**Q** 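Handing you a structure now.
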Protein chains: 2
Amino acid sequence: MKRNLDWEDLRLFLAVAKAGGLAGAATATGISAATLGRRVSALEESLNVRLVEREARGYRLTAAGQELLLQAEDMDRSAQSILTWREGGSVRRRIRISAGEWTMRLLIDNLSAFWRPDRDWVPEFLADLRNRDIARRQIDIGIRNSRPKQEWLAGRKVGSVQFAAYQARTVPAGHDLGWIGLVEDDAHSPTGIWLKETHGTEAVITVNKAALALSLVRQGQVRMLLPVFVGDAYEDLVRITDPIESLTTERWLVVHHDERHRSQVREACTALARLLKQNPCLAPDFFPAPL
Amino acid sequence: MKRNLDWEDLRLFLAVAKAGGLAGAATATGISAATLGRRVSALEESLNVRLVEREARGYRLTAAGQELLLQAEDMDRSAQSILTWREGGSVRRRIRISAGEWTMRLLIDNLSAFWRPDRDWVPEFLADLRNRDIARRQIDIGIRNSRPKQEWLAGRKVGSVQFAAYQARTVPAGHDLGWIGLVEDDAHSPTGIWLKETHGTEAVITVNKAALALSLVRQGQVRMLLPVFVGDAYEDLVRITDPIESLTTERWLVVHHDERHRSQVREACTALARLLKQNPCLAPDFFPAPL
DNA sequence: AACTGGAATTTCAAAAATGAAACGAAACCT
DNA sequence: AGGTTTCGTTTCATTTTTGAAATTCCAGTT
């Protein structure tokens, strides 16, 4: 295809000019002499000027080549300042992790179990569960409840999540309470279906914040289906069912298959997998006791 | 392969940043949006920093991306001055043409037949007949006496050259003269073989400059085998044989097959071919008459 | 003068990059 | 609210680039 001035050709010309030939430049750049020769020829063609005399023992710059060398050195100064900027500043990569609200809190509660400040990556948490955001690189690692289906996603199973029904310990046995659910868990979701099939009812109240729902449960006003890593973390809550088999979900770490070989992404995945396979619970102190 | 900072990635990032997304940058650079997306991702990976937020309607620079943009603009200023340097100065390409000494003089004598100052190339003549110099791009077009054999050479036949024996017109008929030859035309060359077979002798005198040999012939001191485009150009010379079939050679324009699609090389070849197919002679005034 | 070492070019198989086309989703318009 | 347009990503066939190995040749050494 037809190109503009290729800056990489300039960079390689610079290396050849500095080394006085292809052999030295090949050593300096890690690119083969054959390729460097072709790139210099390509630059001569695009600039329409002879830049080097090709001799048996190396390349000698023409007058035009010497002029170009000066300008390529200008570009190299800017390039060197880019490298200095990256090496001098924080070179730690922010790894964006997305999960549902409960799982997000689980990670935050257990941060020290999978991350320390001396690591060369920093976790950044985002509550966004769309795979499209992994495609757009807005998310590096997603924690999802099923195996990824798209071929551009790579997944790793890291355990499963059990659900059970909970109410406040202060509610008298046999007292009939309504159910609360999350807006996204509508009547067609697994939790909605379970509720209809076992209690012949739907959630009386729905909210879009899991933390708010939890407060109402702890106040003794409603019952709720919760992941056991949440429900079991609060001593003022009690299960009113055993873990519900039909609501058990898997837990997957999902990344873009292009990204999974990146060292920080891999380290983060390894650390998260180690944590999640231990089936940790929330740290309940995070939430204030209900008034 | 593992690379250093790829300057072409920087150039393409600059285009994406200026356009606010892949679509506009694709239009500006002629490179597809898919490729630009990959190149920006590659740059993020090599610099180990997120440079853009990928949104549905374009790319938005992160803080690091904005910093990098400033430095890439520095590099672009140098790149623009390279383009200005090339456009402001002479953009005409020097085309190096190599041929034997006689053919070289033929070209110079007939310069206006194949080149004019308004052309976008300038001929540069070199007396060097080695094909290796075409490989090393020290020569753009070689005029050779046989079809090129190497596969990296492209050839175009442009006629043939006849040879005949000449002496000075002033030499009396039947007067026995010795022969002069060129150093490179030794006893094993076609001319050496012909001389031995037809006259049972070798060249008495050898010189390494064709012009010097010609002077001696014109002074009436020796006889010589000459290309007819040289011998017939001098009225004070006379053929003493008809054109010698066994010494006739072909005439080929030879270029590197990589170079033959370059417009200036192609123009020069076309012009030279047009001239040489007319079987032109030397302009005899070029050489001073013998004292 | 002969031999050796080093450098560049060429060939061709392998690897990498590219782009057309399809797809998905968000923003915009009616 | 529904339809259209625009943008970015993915897939896969095609194109381009790359590098290992071979070749050639020149400079340096013995």
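These figures come from a predicted structure and were not determined experimentally. So you know, we letter chains A, B, ... as the sequences are listed, proteins then strands, and number each from 1.
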**Q** Whole angstroms only, please: what is the CG-P distance between A/D6 and D/dT17?
**A**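 Going from CG in A/D6 over to P in D/dT17 covers 10 Å.
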**Q** When you check the phosphate oxygens OP1 and OP2 of D/dT10, does a side-chain N or O of A/H256 lie under 4.0 Å from one of them?
**A**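 It does, given that an N or O in the side chain of A/H256 lies less than 4.0 Å from OP1 or OP2 of D/dT10.
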**Q** Do we see a donor-acceptor contact under 3.5 Å between the side chains of A/R144 and A/T103?
**A**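 No, A/T103 and A/R144 have no side-chain donor paired with an acceptor closer than 3.5 Å.
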**Q** Given atom CG of B/L153 and atom P of D/dT24, what is their separation to the nearest angstrom?
**A**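 Taking atom P of D/dT24 as the reference, CG of B/L153 is at 13 Å.
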**Q** Between A/R50 and B/D140, does any side-chain N to carboxylate O distance fall below 4.0 Å?
**A**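 Looking at A/R50 and B/D140, the cut-off is met.
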**Q** Are any of B/T35's side-chain N or O atoms less than 4.0 Å away from OP1 or OP2 of C/dG19?
**A**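 Looking at the OP1 and OP2 atoms of C/dG19, one of them is under 4.0 Å from a side-chain N or O of B/T35.
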**Q** More 5' along DNA chain D: B/G24 or A/A33, using each one's nearest nucleotide?
**A**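 Between the two, 5'-proximity favours B/G24.
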**Q** Is any side-chain N or O of A/R38 under 3.5 Å from a base N or O of C/dT11, one able to act as donor and the other as acceptor?
**A**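 Between C/dT11 and A/R38, which were checked side chain against base, a qualifying N/O pair under 3.5 Å is present.
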**Q** Check whether any side-chain N or O of B/R54 sits under 4.0 Å from OP1 or OP2 of D/dT9, and answer yes or no.
**A**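 It does, given that an N or O in the side chain of B/R54 lies less than 4.0 Å from OP1 or OP2 of D/dT9.
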**Q** Where is the tightest heavy-atom contact between B/A79 and A/L5, given as atom of each residue plus distance?
**A**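 Closest heavy-atom pair between B/A79 and A/L5: O-CD2, 4.3 Å.
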**Q** Is the phosphate of D/dT10 approached by A/R137 (side-chain N or O, under 4.0 Å from OP1 or OP2)?
**A**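 Checking A/R137 against D/dT10: at least one side-chain N or O falls below 4.0 Å of OP1 or OP2.
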**Q** Between C/dT9 atom P and A/E53 atom CD, what is the distance in whole Å?
**A**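 Rounded to whole Å, this separation is 12 Å.
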**Q** Can you tell which of D/dG8, C/dT18, D/dT11 lies closest to the side chain of B/L22?
**A**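 When the side chain of B/L22 is considered, D/dG8 is the closest of D/dG8, C/dT18, D/dT11.
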**Q** Give the rounded distance in Å between these two atoms: CD of A/Q138 and P of D/dG8.
**A**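 Taking atom P of D/dG8 as the reference, CD of A/Q138 is at 12 Å.
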**Q** Identify whether the distance between the nearest side-chain nitrogen and carboxylate oxygen of A/R94 and A/E124 falls below 4.0 Å.
**A**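 Salt bridge flag = yes for A/E124 with A/R94.
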**Q** Does the distance from a Lys or Arg side-chain N to an Asp or Glu carboxylate O, for A/D258 and B/R38, drop under 4.0 Å?
**A**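 No, A/D258 and B/R38 are not salt-bridged.
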**Q** Answer yes when B/E44 and A/R86 have at least one side-chain N-carboxylate O distance shorter than 4.0 Å, and no when they do not.
**A**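 A salt bridge is absent here (no side-chain N lies under 4.0 Å from a carboxylate O).
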**Q** What is the distance, to the nearest angstrom, from the CG atom on A/D133 to the P atom on C/dG24?
**A**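 Checked: the CG to P distance equals 16 Å.
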**Q** Would you mind classifying the nucleic acid contact of B/A34 as base, sugar-phosphate or nothing, using non-hydrogen atoms under 4.0 angstrom?
**A**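 Counting heavy atoms under 4.0 Å across all strands, the contact made by B/A34 includes a base.
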**Q** Can you figure out which of D/dG19, D/dT11, C/dA26 approaches the side chain of A/S32 most closely?
**A**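 Nucleotide nearest to A/S32's side chain: D/dG19.
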**Q** To the nearest Å, give me how far apart NE2 (A/H257) and C1' (D/dT9) are.
**A**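 Rounded to the whole Å, the gap is 11 Å.
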**Q** Is it true that A/Q71 and B/W85 share a donor-acceptor pair across their side chains at a distance under 3.5 Å?
**A**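 Note: B/W85 and A/Q71 side chains miss the donor-acceptor criterion.
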**Q** In terms of side-chain heavy atoms, does B/S160 have a donor or acceptor partner in B/E250 at a distance below 3.5 Å?
**A**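 Note: B/S160 and B/E250 side chains miss the donor-acceptor criterion.
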**Q** Which angle, to the nearest 10 degrees, lies between the helix axes at the two ends of the helix from C/dA1-D/dT30 to C/dT30-D/dA1, each defined by five pairs?
**A**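 Inter-axis angle at the termini of the helix from C/dA1-D/dT30 to C/dT30-D/dA1: 40°.
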**Q** On DNA chain C, nearest-nucleotide positions of A/R136 versus A/G20: which is more 5'?
**A**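 Its nearest nucleotide being more 5', the pick is A/G20.
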**Q** Expressed as a whole number of angstroms, how long is the span from B/L43:CG to C/dA17:P?
**A**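 Taking CG of B/L43 and P of C/dA17, I get 14 Å after rounding.
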**Q** Contact class for B/R57 vs. all strands (heavy atom < 4.0 Å): base, sugar-phosphate, or nothing?
**A**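 If one applies the 4.0 Å heavy-atom cut-off, B/R57 turns out to touch a base.
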**Q** Over how many whole Å does the gap from B/E55 atom CD to D/dG8 atom P extend?
**A**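 Between P of D/dG8 and CD of B/E55: 10 Å.
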**Q** Looking across every strand, which nucleic acid part, if any, lies under 4.0 Å from B/A23 by heavy atom: base, sugar-phosphate, or nothing?
**A**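 Sugar-phosphate, no base atom in range.
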**Q** Just to be sure I understand the rule, does B/Q150 reach a base, reach only the sugar-phosphate, or reach nothing, if contact means heavy atoms closer than 4.0 Å?
**A**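 Contact class for B/Q150: none.
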